[in-house]
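Let me begin by presenting the structure, written as structure tokens, before commenting on it.
Note on naming: letters A, B, ... go to the chains in the order of the sequence lines (proteins, then strands), and numbering restarts at 1 for each one.
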Amino acid sequence: MKLKKDFYTRTDVVQVAQDLLGKYLYTNHDGLLTGGMIVETEAYSGTNDKACHAHMNRRTRRTEIMYHEGGVAYVYLVYGMYNLFNIITNVEGSADAVLVRAIEPTEGIEEMLLRRNMVTPKPNLTAGPGVMSIALGIDRSHYGAPLTGDTIWIEDKGIALSAEGIAVGPRIGIDYAGEDALLPWRFWLKGNKWVSRKK
DNA sequence: CCACTGATTTCCT
DNA sequence: GGAAATCAGTGGA
């Protein structure tokens, strides 16, 4: 069943990032359904996290949506090239977000292959936040989209994960964040080949 | 296997 | 002007 708003408005973004593992992310564009199981996430904790775009209460046109109440999408362009998909969590004004870095594709694989210009499903179809967005057809038109709507949403299919099955480590690509780069806020499914990087 | 690099736009200094 | 929550390709060991 589709996750409701109260899943996203919880106040512990690190916990929400963990809970998103094993859930299913879907997009539906003009009847084209694509999606898969979330296997890798990272937590970004609002204004006190040096790696977060909203660090020090920064407000720009890009970051404005981060202050919204949980349950909407934050999509932004990185390296001038890739649209990264984030889930806004917590209450209004908190600016917490979860970056979804990888899914294991299950739905609409043919369509995802077309979008990625690939012939055979391989991990680089959806393993990594940039390529995952391409495969799912996510771009900045989804900025602020409610995850309780019917364009982009997340479902709980009752997959139960044990604590031993979840790996924890520092976040990727944020070395500029000083000591906050060491925080163990990246979560992935141990041994899953659709995770963007090993170890 | 690893290190390095180009692509390209948004935002900050 | 420079760096950025990335990726694919190249070339060398």
Checklist entry - In terms of side-chain geometry, is the basic nitrogen of A:E179 or A:K50 positioned less than 4.0 Å from the acidic oxygen of its partner? => result yes
Checklist entry - Is the shortest distance from a Lys or Arg side-chain nitrogen in A:E104 or A:K193 to a carboxylate oxygen in the other one below 4.0 Å? => result no
When the distance from [atom1] of [X] to [atom2] of [N] is rounded to whole Å, what number comes out?
X: A:M66; N: B:dC11; atom1: CE; atom2: P; result: 13 Å
X: A:D96; N: C:dA5; atom1: CG; atom2: P; result: 17 Å
X: A:Y76; N: C:dA4; atom1: OH; atom2: C1'; result: 8 Å
X: A:I138; N: C:dT6; atom1: CD1; atom2: P; result: 16 Å
X: A:M81; N: C:dG9; atom1: CE; atom2: C1'; result: 12 Å
X: A:H55; N: B:dC12; atom1: NE2; atom2: P; result: 13 Å
X: A:R61; N: B:dC11; atom1: CZ; atom2: P; result: 6 Å
X: A:N83; N: C:dA5; atom1: CG; atom2: C1'; result: 13 Å

Classify [X] by what it touches in the nucleic acid, base, sugar-phosphate, or nothing, heavy-atom distance under 4.0 Å.
X: A:R62; value: sugar-phosphate
X: A:R59; value: nothing
X: A:L99; value: base
X: A:G130; value: sugar-phosphate

Item to check | Over-ring placement of A:R140 relative to A:Y76, 6.0 Å and 45° cut-offs | outcome: no
Item to check | Over-ring placement of A:R171 relative to A:Y44, 6.0 Å and 45° cut-offs | outcome: yes
Checklist outcome for this item: By the Watson-Crick or G-U definition, both distances under 3.5 Å, C:dA5 is matched with none
Checklist outcome for this item: Scanning all shown strands, the Watson-Crick or wobble mate of B:dT8 with both distances under 3.5 Å is none
Checklist outcome for this item: Judged by nearest nucleotide, the residue sitting upstream toward the 5' end of DNA chain C, A:R116 or A:I172, is A:I172
Next on the checklist: Ignoring hydrogens and geometry beyond distance, is the side chain of A:Y176 in donor-acceptor contact with the base of C:dA3 at under 3.5 Å?
Outcome noted: no
[atom1] gap between [N] and [M], integer Å:
N: C:dG2; M: B:dT5; atom1: P; result: 16 Å
N: C:dA3; M: B:dC4; atom1: P; result: 16 Å
N: C:dA8; M: B:dT10; atom1: C1'; result: 22 Å

Checklist entry - Counting side-chain heavy atoms from CB outward, which of C:dA5, C:dA8, B:dC12 is closest to A:T60? => result B:dC12
Checklist entry - Which class fits the ring pair A:H142 and A:H29: parallel under 30°, tilted 30 to 60°, perpendicular over 60°? => result tilted
Checklist entry - Side chains of A:N90 and A:R10: is there a donor and an acceptor less than 3.5 Å apart? => result no
Checklist entry - Is the aromatic ring centre of A:Y79 closer than 5.5 Å to the centre of the six-membered base ring of B:dA7, with the two planes inclined by less than 30°? => result no
